[in-house]
Every structure is written in structure tokens, then in C-alpha cells.
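Here the structure comes first, spelled out in C-alpha cells, and everything after it is commentary.
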Amino acid sequence: MRVVLFGYQKWGARLLADLLDSRHEVVLVVSHPEEGEPSPVIFQESLGDLAREHGIPVLYREKAVDAELVTAITGSGAEIGVACNWRTWISPEVFSAPPRGTVNTHDSLLPRYAGFSPLNWALINGESQVGVTAHWMDAELDRGPIICQRTVPVTPTDTTEDLFERTVLLFGPLALEAFDRAEHGPHEWLTQDPAHASFFHKRADEDNRIPWDRPAADLVNLVRAQTGPYPNAWCLHEGARLRVLEATVSRERCGGTNGRIFAREGSGVVVVAGPDAWRGGQYGLVLQRVKDADGVEHVAGDHFRRMGGYLT
């Protein structure tokens, strides 16, 4: 089939590479502008450059909503569309321009974790698996009928970067499977059940502030979810921001006031945490590695010269 690809960064580039090795023909690429938007190195792979290397026309849009784009898609002869890491709205006029419609690929197991930052949110919530879904695009974000899915297990030490590196390899194979089903069947799609759906917002700085009244295991998940290249989980120590790069759950329960710098454990430092910490029934969060306001990394036991005081 002749394909129009809506994509961006490494996700889109890897999907395009798989399409170039397939029996399908990519006739048009639509991408977001690449200039002026800082992004982590692991995401920096140009979809536009790869497309031009293979003689594929590239159009840049912040949003895919205009009549000129519809004309370009119909003029290219594209039969089907596919979207991968497209960050903004695609209008019904645009995603319906290819006669077979447009497949969206999303890095969660829909209907759960629709919306933004699905891998981060899934890791924060302690999920045992994540994945990628291919579904038909419709007017509701990430809500169209599911074509196929792939799952990825989550280990106790995985970070979001680990999950990204494993899931980014699935977008191409999943899109090709979806194309095969669109062409040859079976054509039974799975309607997403709203009763099992969850929709998440974009993560912002305040979302990464450590809430000391949460269980320590939840806080470990937050730290894992926000390790580099993502903005780290953080708190304030003596009025200055302290980023937490690595943390574990304490070996023993500890009691007191949430955020209290409590005791040493190995090379780390235990901080009181949990919803019922006053009663002493909660495990603490052991800070293992931290980064100070000057950007210097420290083993936590070296950074905290004395016990006492609070992290807020």
C-alpha cells in the first residue's frame, strides 16, 4: 500500500525504517518542526532527514489540520496513514484523507494510559507490563478501535528509558501487522471499553515533586520513572532543590514525621515516608544517589553529613 506517515523523532524514524524495508511505499511524511525544540539525546533521530535520503517528500506542521495538507495527502495517492509520536491534533479531514483511514500507534496497552507520558505513568503506578497499541484513529484521542497490541514486561529495576528502548522497536512491526489486517483481515476490531479506560495528562515539574506521605515503594517507582533523560524526582533540602537519581525501600520500618532525614543505611540515607508514618508501620525511602542544586551528583550518605532535618 501507499502510505502517509505522521511522525516525529526516533519513534517516527524507526517506524519509517521498517516501512522502507517492507513491501509498502511511503509516499509522504508529515513531521513536526525540528528546529528550536530541545530534547534528550536518546530521542534525537530525524524522521525528516531519513525521508529525504530516500526521496520522500516531507511537510512540517505543528498541527495536522489544514486543507493544504489534505490536498497533499490525496495528491500523493496515499491509501492509508499511520501516526507515530505525533504530539498534537490531527483533524478528521486529515486522518480520513487516505481512503483506508489512518492507524495510530500509541505506547500503552489501550484503553489504559491513553494521553500523555504513558510509560512514565505506568512505571509510577507499578505496572507489571507495558506495550504498544495500533488502533484506528477517530475524533477522540487514543480511543479508536484496536487493531493489534504488543506487550513488554516490566522488571523491578527498569527505568522509563529502559522501557522506551524496548517499546520503540515495536512501532514498525505493529504498524505492518495492522496494515496486513487492513488489507487481508481479519477485519474484526476491538472496541475500547470506557469502563477500563484511563487518560493521563502531560507531566510537569510539580508532578515530579516527591510526596512523602506516599508509600516508599511508590516513591521508588516515581524515581525510576523520572531518571535521565527525564526530569528527575525532586524535593527541597534547606530551601534548595535536591534531585533524587536512585532510591530503594528501607530494610526496616521507621516512624515519625514524613520527610525526616532519619538514619543511614549502607551508603544511603533513610527518609521517613508513608501514609501512616506516625504509627511507625511504614518503610522509609532510602536515598542512594542525589544531585544538588549545582548539578553535582553525590552518594546520598556522603551528601548528608548529619541526620535530622527535613526534606519538603
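In this chain, residues are counted from 1 in sequence order.
- For His54 (side chain) and Leu20 (main-chain N/O), no donor-acceptor pair under 3.5 Å exists by modelled atom type.
- Scanning all heavy atoms of the two residues, the minimum distance from Pro229 to Glu161 falls at CD-OE1, 3.6 Å.
- A continuous path of hydrophobic side-chain contacts links Val271 to Val249 [ILVMFWY only; heavy atoms under 4.5 Å].
- Counted within 6.0 Å of NE2 on His196, heavy atoms from surrounding residues, nucleotides or ligands total 12 or fewer; the atom is thus considered open.
- Both Leu119 and Ile42 belong to a common hydrophobic cluster when Ile, Leu, Val, Met, Phe, Trp and Tyr are linked at side-chain heavy-atom distances under 4.5 angstrom.
- Using cut-offs of 30° and 60° on the angle between ring planes, the pair Trp121 and Phe200 is tilted.
- The hydrophobic clustering, which links ILVMFWY residues whose side-chain heavy atoms are closer than 4.5 Å, places Phe6 and Val58 apart.
- Between the side chain of Thr159 and the main chain of Asp162, a donor-acceptor pair closer than 3.5 Å is present.
- Once rounded to the nearest 0.5 Å, the distance linking CG of Leu19 with CG of Leu176 reads 5.5 Å.
- Taken to the nearest 0.5 Å, the CZ atom of Arg214 stands 13.0 Å off from the CD1 atom of Ile210.
- Checking Arg87 against Gln9 by side-chain atom types alone, a donor-acceptor pair falls below 3.5 Å.
- Using a 4.0 Å cut-off between a side-chain N of Lys or Arg and a carboxylate O of Asp or Glu, Arg61 and Asp66 qualify as a salt bridge.
- The residues Lys291 and Glu246 are annotated as not salt-bridged, no charged nitrogen and carboxylate oxygen being separated by less than 4.0 angstrom.
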Using the side-chain contact (heavy atoms from CB on, under 4.5 Å) rule, take Arg14 and Leu169 through it: C-alpha gap first, then chi angles, then the decisive distance, then the call.
-> CA-CA 7 Å; Arg14 293 300 172 90; Leu169 302 176; 4.0 Å; yes
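- Judged by distance alone, with hydrogens and angles left aside, the side-chain atoms of Asp193 form a donor-acceptor pair with the main-chain N or O of Ala195 at under 3.5 Å.
- Other residues, nucleotides and ligands place more than 12 heavy atoms under 6.0 Å from the CZ atom of Arg166.
- Under the side-chain contact (heavy atoms from CB on, under 4.5 Å) test applied with Arg243, the options Asn232, Thr227, Val223 reduce to a single match, Asn232.
- Remark: side-chain polar atoms of Glu45 are not paired, donor with acceptor, to backbone N or O of Ala13 under 3.5 angstrom.
- If you chain together hydrophobic residues whose side chains sit under 4.5 Å apart, Val244 and Met307 fall into the same group.
- In this structure, the side chain of His201 does not engage the main chain of Phe116 through any donor-acceptor pair within 3.5 Å.
- The minimum heavy-atom distance between Ser108 and Ala114, with the atom names listed, is OG-N, 4.3 Å.
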Begin from the C-alpha positions of Leu5 and Leu15 and carry the test side-chain contact (heavy atoms from CB on, under 4.5 Å) through to its verdict.
-> CA-CA 9 Å; Leu5 168 59; Leu15 174 53; 3.7 Å; yes
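- In summary, the aromatic rings of His32 and Tyr60 are positioned with their centroids too far apart to meet the 6.0 Å limit.
- Glu25 has a carboxylate O that lies under 4.0 Å from a charged side-chain N of Arg2, or vice versa, which qualifies the two as a salt bridge.
- In plain terms, the two heavy atoms of Ser91 and Val65 that are nearest each other are OG-CA, 3.6 Å.
- In this structure, Leu242 CG and Leu287 CG are separated by 7.0 Å, a value rounded to the nearest 0.5 Å.
- Distance alone, capped at 3.5 Å, places no donor-acceptor pair between the His135 side chain and the Ile147 backbone.
- The number of heavy-atom neighbours closer than 6.0 Å to CZ of Arg279, taken from other residues, nucleotides and ligands shown, is 12 or below.
- The backbone N or O of Arg251 lies less than 3.5 Å from a partner atom in the side chain of Glu265, making a donor-acceptor pair.
- Counting only distance, with no hydrogens or angles, the side chain of Asn125 and the backbone of Glu127 share no donor-acceptor pair below 3.5 Å.
- No single ILVMFWY cluster, assembled from side-chain heavy atoms under 4.5 Å apart, contains both Met137 and Val82.
- Using a distance-only test at 3.5 Å, with no hydrogens or angles considered, no donor-acceptor pair links the side chain of Arg52 to the main chain of Leu47.
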Do Arg203 and Tyr230 pass the side-chain contact (heavy atoms from CB on, under 4.5 Å) test, and can you show the C-alpha distance, the side-chain angles, and the key distance before you say yes or no?
-> CA-CA 10 Å; Arg203 292 192 61 76; Tyr230 301 92; over 6 Å; no
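- A cation-pi contact, defined as under 6.0 Å to the ring centre and within 45° of the axis, links Arg241 to Trp234.
- You'll find the ring centres of Tyr113 and His106 outside the 6.0 Å limit.
- Of all non-hydrogen atoms in Trp212 and Leu311, the two that sit nearest each other are NE1-O, 3.3 Å.
- Residue Thr248 holds its OG1 atom at 7.0 Å from CG of Leu285, rounded to the nearest 0.5 Å.
- Here the closest heavy-atom approach between residue Ala225 and residue Thr160 is recorded as O-OG1, 2.8 Å.
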Full working for salt bridge (charged side-chain N to carboxylate O under 4.0 Å, His left out) between Asp180 and Arg23 | CA-CA 11 Å; Asp180 284 346; Arg23 61 185 176 83; 2.9 Å; yes
Step by step, work out the side-chain contact (heavy atoms from CB on, under 4.5 Å) result for Val132 and Gln149.
-> CA-CA 6 Å; Val132 180; Gln149 294 180 316; over 6 Å; no
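- Between Phe95 and Trp136, the ring center distance fails the sub-6.0 Å criterion.
- Taking CD1 of Ile80 as the start and OG1 of Thr102 as the end, the distance is 7.5 Å to the nearest 0.5 Å.
- With salt bridges taken as basic N to acidic carboxylate O contacts below 4.0 Å, none links Arg289 and Asp302.
- A donor-acceptor contact closer than 3.5 angstrom links the side chains of Ser46 and Glu34.
- Using bins of under 30°, 30° to 60° and over 60° for the plane-to-plane angle, the ring pair His303/His298 lands in the tilted bin.
- A cation-pi arrangement is not found for Lys10 relative to Phe43, the charged atom failing to lie both closer than 6.0 Å to the ring centre and inside a 45° cone about the ring normal.
- Between Val70 and Glu93, the closest heavy-atom pair is CG2-O, 3.7 Å.
- No donor-acceptor distance shorter than 3.5 angstrom exists from the side chain of Ser250 to the backbone of Val286, with no hydrogens or angles considered.
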